[in-house]
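Letters A, B, ... are given to chains in the order of the sequence lines, protein chains preceding strands, and every chain is numbered from 1. Computation of the quantities below employed the complete heavy-atom set of this structure, encompassing side-chain atoms and omitting hydrogens, waters and symmetry-equivalent molecules.
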Amino acid sequence: MSGEGPSGRALTAVKGTHDILPGEVEVWQKVEAETKRLFELYGYKEMRAPIIEPTELFHKGTGETTDIVTKEMYTFEDKGGRSITLRPEYTPSVARAIVEHRLDLLGTPMRYYYIGPMFRYDKPQKGRYRQFHQVDVEVFGEKDPALDAEIVEMADALLKALGIAETETLVNSVGCRACRPAFSAALRERALAVQDKLCIDCRRKMETNPLRIFDCKVESCREQARAFPKITGFLCPECREHFAAFRAHLDRYGVAYRHDENLVRGLDYYTKTTFEVVDNSAGQQNAILGGGRYDDMMKDFGGPDICGIGFAMGLERLIARLALKPEARRFLYVVHQGEAAKARAIELARFFRRGGIETVIEFGGRSFKNQFGRAGKLGAAWVLIVGEDETAKGIFQLKDMAAGTQVGGAPEVLLSGVRS
RNA sequence: GUGGGUGUAGCUCAAUGGUUAGAGCAUCGGACUGUGGAUCCGAAGGUUGGGGGUUCAAGUCCCCUCACCCACCCCA
C-alpha cells in the first residue's frame with residue numbers, strides 16, 4: 001500500500017512529474033546512448049550544468065516578457081536568501097557557463113549538447129509535463145549558415161536513426177534587430193485595422209508580440225492572418241542572404257523541409273533562422289524539437305559578442321512516438337539447497353560476475369521448484385544449480401531456461417559456455 | 001489561469017438507490033523438499049479519491065474539494 005502524508009492523503013508523485021520505471025527506462029537509455037553517439041560524430045561535447053540557477057539568469061536570458069518567465073518558473077528562496085530557479089530551459093545555463101569559464105577563449109565554434117530534466121509550471125496534458133526531459137544542442141561562435149543547415153541535418157539524422165517517421169521539418173527566418181522592428185510595426189498596423197475580426201487573445205498579442213497572431217487557431221484569425229504581411233518581404237539583405245544560403249545547404253544535404261512563413265518561436269531571443277520538427281500524425285503537442293539562431297543573446301546577457309544557434313528536443317514527446325522494444329538482458333540465476341551449497345553458490349555468483357555475466361543469487365528459496373519458479377518469472381536466461389551433490393563433486397548443473405536443456409561441468413567450463 | 005471528461009482491489013472492469021461491494025488477471029501459500037511457465041485448492045488484498053448533504057437506506061443522487069486524463073493558452 002502507498003503511504004500517507006501528513007494530510008492523510010496518499011503520497012504520490014508531484015503533479016506533472018512521472019516515475020520512469022524499469023521496462024520503460026531501457027528505452028530512455030537507448031535514446032540517450034544513440035543521441036550521444038550521433039552528436040559526438042559531429043564534434044559535440046557534453047556539458048552538464050546545474051539543475052538550479054540564479055533566478056536572474058532566466059530573466060536576462062530567456063526574456064522578461066516570455067510566458068516561461070512570467071508564469072511558469074519554479075522559483076524559491078534558499079536558506080541563504082538567494083532566489084533560485086529550477087531551470088525551465090537550458091540555453092541560458094550554457095551561455096552562463098561560457099562566460100563564467102571563458103570557454104570562448106578556447107576557440108570557436110563551441111559545440112555542446114546535454115540531456116536532462118527541465119521544469120515548467122504548466123498545467124499538464126498530453127506531451128506536456130512539469131518535469132520533462134530535453135536533449136539540448138548549442139553552438140556558439142559560428143555565423144555561417146552552413147552551420148544552421150548542419151544542425152538541422154544532425155537533428156534529422158537522429159530522428160531517422162531512432163526510426164521516427166512521419167515528421168515534417170519547418171524552417172523560417174524571423175529577421176534580426178535591423179529588419180524585424182519594421183515588420184512588427186507593419187503587422188501591428190494591419191492587425192489594428194481588422195481588430196474587430198480578431199479574437200480577444202490576438203488583440204492582446206497585437207500589442208505584446210504580433211508575430212504570434214500567426215499561431216492562432218481561431219478560423220477568423222487565420223483568415224485575417226493569411227492576408228497579413230510576411231516576414232520574408234521585410235528581411236534585410238544580410239538576413240535574406242543568410243536564409244537563402246541556409247536553404248541551399250539543406251538542399252545539398254537532401255533534407256526535406258517546408259518554408260513556413262508563420263513559424264514563430266516562443267522565446268524572445270531568436271534571430272534569423274528558426275526551425276521546428278513536427279509530427280502531424282497525432283496529438284496537439286506536436287513539436288518534437290524546435291530551435292533557431294540567437295545572435296544577440298550572449299551580448300545581451302553581458303558576455304562577449306558571440307552568435308549562437310541551437311535546438312531542444314522533447315524526450316517524452318519523442319519516446320511517445322517510438323515503437324522501440326529493447327531486448328531483454330540475459331542473466332544467470334543461481335539456486336541452491338543446504339548451508340554448504342549456499343556458501344558455494346555465493347562464491348560461484350561472484351565467479352560468474354567477474355567473468356562478465358549478470359548474475360542474481362537466490363536468497364529466500366525453499367524448494368528447487370520454488371526457486372526455479374522465481375527464476376522463470378524474473379526472466380533468467382540460465383539457472384545454475386548448486387545442490388549437495390554438486391558442491392561435493394565440484395561439478396554443477398547449468399540449465400538453459402528457454403531451451404530447457406541442461407549440462408553439467410566445472411565452473412570454468414560453464415562460464416565459457418554461457419559467454420558464447 | 002479557463003473549460004470538458006473520469007475516479008470502485010496492484011491492473012482491467014462489474015454491482016436497478018436496498019444483505020457482508022464482486023470477477024478476471026497479478027500477488028502469496030498449499031497440492032509439490034532436486035528442476036520454471038500448466039492445473040486444482042486456498043489466502044490476502046477496499047475508509048468505493050476525500051469531505052459534506054438528501055434519504056429509512058448512497059459506490060449509485062446533489063454540493064464542495066482533490067487527483068488523473070483531454071482541450072484552450074503556451075511550448076519541447
Side-chain angles (χ1 to χ4, degrees), chain A residues 1-2 4-5 7-18 62 66-72 88-91 115-137 155 199-202 204-205 208-209 212 215-218 264-267 276-279 283-291 310-321 333 335-338 341 362 364-391 396-406:
Chain A
M1 285 304 294
S2 51
E4 290 194 356
S7 62
R9 201 179 302 145
L11 233 35
T12 58
V14 170
K15 186 184 180 97
T17 70
H18 297 277
T62 306
T66 57
D67 280 9
I68 288 178
V69 170
T70 55
K71 52 188 186 191
E72 295 176 3
E89 60 149 346
Y90 196 64
T91 306
I115 305 173
M118 306 293 158
F119 304 84
R120 292 185 200 173
Y121 193 84
D122 260 4
K123 190 158 176 179
Q125 66 183 74
K126 191 177 190 66
R128 195 177 71 189
Y129 310 103
R130 290 186 174 179
Q131 177 178 333
F132 61 103
H133 300 77
Q134 288 188 334
V135 165
D136 196 272
V137 167
C199 71
I200 189 156
D201 286 330
C202 282
R204 180 172 46 80
K205 290 179 197 166
T208 57
N209 193 345
R212 292 206 200 151
D215 285 339
C216 190
K217 290 172 179 92
V218 176
V264 180
R265 310 251 72 252
L267 303 170
E276 196 168 288
V277 174
V278 298
D279 180 350
Q284 291 302 307
Q285 310 295 331
N286 62 357
I288 296 176
L289 69 88
F311 70 83
M313 181 172 80
L315 279 179
E316 281 81 1
R317 292 181 186 182
L318 178 84
I319 284 170
R321 287 162 176 78
Y333 199 83
V335 303
H336 52 82
Q337 193 119 80
E362 170 72 37
R366 309 178 75 175
S367 63
F368 272 130
K369 183 178 186 69
N370 182 295
Q371 298 185 48
F372 265 90
R374 192 149 29 238
K377 188 174 296 169
L378 293 173
W382 313 275
V383 169
L384 179 70
I385 302 142
V386 186
E388 309 280 358
D389 297 348
E390 287 86 351
T391 304
F396 302 90
Q397 297 292 314
L398 182 79
K399 182 166 184 175
D400 181 315
M401 294 295 274
T405 55
Q406 193 168 312

Scan A/Met313 against the nucleic acid and name what it touches under 4.0 Å (heavy atoms): base, sugar-phosphate only, or nothing. nothing

At under 4.0 Å, does any side-chain N or O of A/Lys377 touch on OP1 or OP2 of B/G36? no

Is there a donor and acceptor pair closer than 3.5 Å between the side chain of A/Arg317 and the base of B/C75?
yes

Q) So what does A/Glu388 hit on the nucleic acid, given a heavy-atom distance under 4.0 Å: a base, only sugar-phosphate, or nothing? A) base

*At under 4.0 Å between heavy atoms, what does A/Ile68 touch on the DNA or RNA strands: base, sugar-phosphate, or nothing?*
nothing

(Q) Is it the case that the base of B/C68 and the side chain of A/Gln125 share a donor-acceptor contact (distance under 3.5 Å, atom types as modelled)? (A) no

| message | What's the gap between B/G49 and B/A21 when it is taken at their P atoms, as a whole Å value? | response | 15 Å

Under 4.0 Å, counting only non-hydrogen atoms across every strand here, what does A/Tyr129 touch: a base, just sugar-phosphate, or nothing? base

Note to self: If I pick the C1' atom on B/A38 and the same atom on B/C13, what distance separates them, to the nearest angstrom?
What the structure shows: 26 Å

Note on RNA chain B: ranges paired as stems (three or more Watson-Crick/G-U pairs in a row, both atom distances under 3.5 Å) are B:1-7 with B:66-72, B:10-13 with B:22-25, B:27-31 with B:39-43, B:49-53 with B:61-65

### Query
Which part of the nucleic acid, if any, lies within contact of A/Lys71, taking any heavy atom under 4.0 Å across all strands shown: a base, the sugar-phosphate backbone alone, or nothing?
nothing

**Prompt:** Distance between the C1' atoms of B/G22 and B/C62, in whole angstroms?
**Reply:** 27 Å

Contacts under 3.5 angstrom, residues 379-386 of chain A side chains, donor-acceptor by atom type, not counting sequence neighbours:
none

On a whole-Å scale, what distance lies between the P atoms belonging to B/U8 and B/C68? 14 Å

Open item on the list: Applying a 4.0 Å non-hydrogen cut-off, can you work out what A/Gly290 is touching in the nucleic acid: base, sugar-phosphate, or nothing?
Closed with: sugar-phosphate

Residues passing the ring pair (Phe, Tyr, Trp, His ring centres under 6.0 Å) test with A/Tyr90, sequence neighbours excluded, are A/Tyr114

